[in-house]
Amino acid sequence: MTLLSLEALSVTLRDRDVLRDVSCSVSRGEFVGLIGPNGAGKTTLMRAALGLVPSTGASSLTAMPLAHRACHAAWMPQSRDIAWPMDVETLVMLGRVPHLSAAARPSAADRAAVDAALDRMQMQDMRHRTVTRLSGGEQARALIARTLAQGTPLVMADEPIAGLDPAHQIATMQVFADLATEGRGVIASLHDLGLAVRHCTRLVLLGNGGIHADGAPADVLTPENLRDIFGITAWFGDTDNGPVFQPLEVIR
Amino acid sequence: MRLLVLLTALVALLFIGSLTVGPAGFGGLSALAGGDGPMPLIMREIRLPRALLGLMIGLSLGLSGAAMQGYLRNPLAEPGLIGVSSTAALGAVLAIHTGLASAWILGLPLAALAGAVAGVALILLLAGPRGGSLTLILAGIALSAMAAALTSLVLNLAPNPWAANEIIFWMMGSLADRSMTHVWLALPLMVVGWLALATTGRGLDALTLGEDAAAAMGINLGRLRLTLVLGTACVIGAGVAVAGAIGFVGLVVPHLLRPWVKARPSQLLWASALGGAAMVLAADMAVRLILPDGDLKLGVLTALVGAPLFLHLIYKTRRGLA
């Protein structure tokens, strides 16, 4: 079943075409890694899909009413804004905002969703810590938990693993892969191609204002694509420990 | 929940306390219900409106302060930031200057409300249609500066020192010698504003995570900002119209109570409203007790108490960060 479909999506920011005629769709069970160099339009694509920047073309999300959209797709922005010194539990509960009415107290279901999200991110022991006093990586994990607590079929995250230590990077990628296995859909922009190859079910490579390649990791990270879009060479091997990808040199 | 009970009890206590303080002593609460003679008259016509206005204005300042800080995601925000209190004050100052205030009891408050309406129209025009908070702050600062300059001009052109004096004293903010007319004038507007601000809780909670995340959680940021500006303008415009500018309550109270509600902006709304009411009622009792014969202005006292309190809070925050 399709969770997101984009039809000829174009975004123009300050007279600059950032994205032209992007069409793609994401189904249940997919963990899509959105890759591409800085400025390729990864963030813009996701924000346009969510209706956060003006665009032309069609996105199945912007066609939904605002309240319905919030129960269908969760969004973790790149900027890790936490305005107030609340504890982790309260922060994660903010993910339940779309499910609460104006003054409603959190129900048992809301608490269960928060618990499950904290479990997944291995943050139960930190639930009463003040989130603004945690380290940057811990804050990022709390914000991922917040996104998960929203309980949406589709999760969209902008560089969710940037700034995490290796163990938590791998664990977080595994969480996203698990979500996909459970029948949800995940789209995450990533710069770590090695982790993307190991965990994503599909990669979407952005470059030159559009989708340059879309498919299984091995089909997307070809030497030609790496040269044309990233300007690098890499070693890519299928080993006993699974696929291994290591960028090597910059091509000038 | 315990905080709600505690704050409500405190406000109730201070409200009754406010009725008891004054040069004529205490007439008993039964005097409010009826009876003849000077004491029931004082209770009903002088003390009751004063206590009611203290309650209403305190609620308004605390509520709009919490909403403004939540919306701008900044603990230094206060209700005066959108400039409406400055334009309302300008309207009142003009009424004093032109003699409208002395000719008609409602002249001053209505002129202040007109100033508030003009201020709201200007800020909505300046801040533009999209829901960003930065343009709102900039527009508010520009509007406040403009209104302050024009207020200075009116003072500058005052025909005699007494007129200038009257304006300056009025600007300090006070609840003395107000009547039930003032209560009835301010109440409808304030109720509208309270209701509007009370609906912003969910949006303010979501805004903790930034504008992008809030929008993706189903919050209509444009409508949230409009509700916030109109709600704040209603309560602050009405407050300035009947009592002048009372500073620091909207700044200090939300800051003070934030740790008690786990920093949740939606919970802070009602807590700060009650806290604001308690602070204004207490301050208004204090001005009567400290200088029973003099005329200590409420706005002066709230600033005198509020500023050091704020400094202390900043010091504590700094130590917490270190």
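Reminder, nothing fancy here: chain letters follow the sequence lines and each chain counts from 1.
Proximity to chain B (any heavy atom under 4.5 Å) is restricted, for A:Pro77, to the side chain, taken from C-beta onward. For a residue to count as touching a neighbouring chain, one of its non-hydrogen atoms must lie under 4.5 Å from one of that chain's; by this rule A:Ala74 does not touch chain B. Using a 4.5 Å cut-off between heavy atoms, B:Asn220 touches chain A through backbone and side chain atoms alike. When heavy atoms are compared at a cutoff of 4.5 Å, A:Arg47 approaches chain B solely by way of its side chain, counted from C-beta outward. Both the backbone and the side chain of B:Pro75 come within contact range of chain A, judged by heavy atoms closer than 4.5 Å. Residue contact with chain A, scored on non-hydrogen atoms closer than 4.5 Å, involves the backbone and the side chain of B:Thr208 alike.
Judged by the 6.0 Å distance and 45° axis criteria, B:Arg258 is positioned over the aromatic ring of A:Trp84.
To the nearest 0.5 angstrom, B:Asp212 atom CG is 10.5 Å from A:Gln78 atom CD.
Of all heavy-atom pairs spanning A:Met86 and B:Lys262, the tightest one is CB-O, 3.4 Å. For the pair A:Leu52 and B:Ala215, the tightest heavy-atom approach, listed with the atom from each and the gap, is CD2-CB, 3.4 Å.
B:Arg264 places no side-chain N or O within donor-acceptor distance of the main-chain N or O of A:Thr90, the cut-off being under 3.5 Å. Between the A:Arg69 side chain and the B:Ala216 main chain, no donor and acceptor come within less than 3.5 Å of each other.
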Exercise. Would you check, one step at a time, whether the test side chain to side chain contact (heavy atoms under 4.5 Å, CB included) holds for A:Leu91 with B:Leu209?
Key: CA-CA 9 Å; A:Leu91 180 89; B:Leu209 302 166; 3.7 Å; yes
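Per-residue counts of heavy-atom pairs under 4.5 Å with chain B were compared for A:Ala70, A:Ser79, A:Ala73; the largest is that of A:Ala70. Between chain B and the residues A:Leu50, A:Val97, A:Asp87, A:Asp81, the most heavy-atom pairs under 4.5 angstrom are made by A:Asp81. If you tally non-hydrogen atom pairs under 4.5 Å between each of B:Val261, B:Thr200, B:Leu207, B:Asn74 and chain A, the highest count goes to B:Asn74.
Crowding of A:Gln124 atom CD: a count of heavy atoms from other residues, nucleotides or ligands under 6.0 Å exceeding 12. By the neighbour-count criterion of 12 heavy atoms within 6.0 Å, atom NE2 of A:His191 is densely surrounded, having more than that number from other residues, nucleotides or ligands.
Side-chain contact between A:Arg146 and B:Met217 is present, with heavy atoms from C-beta onward closer than 4.5 Å.
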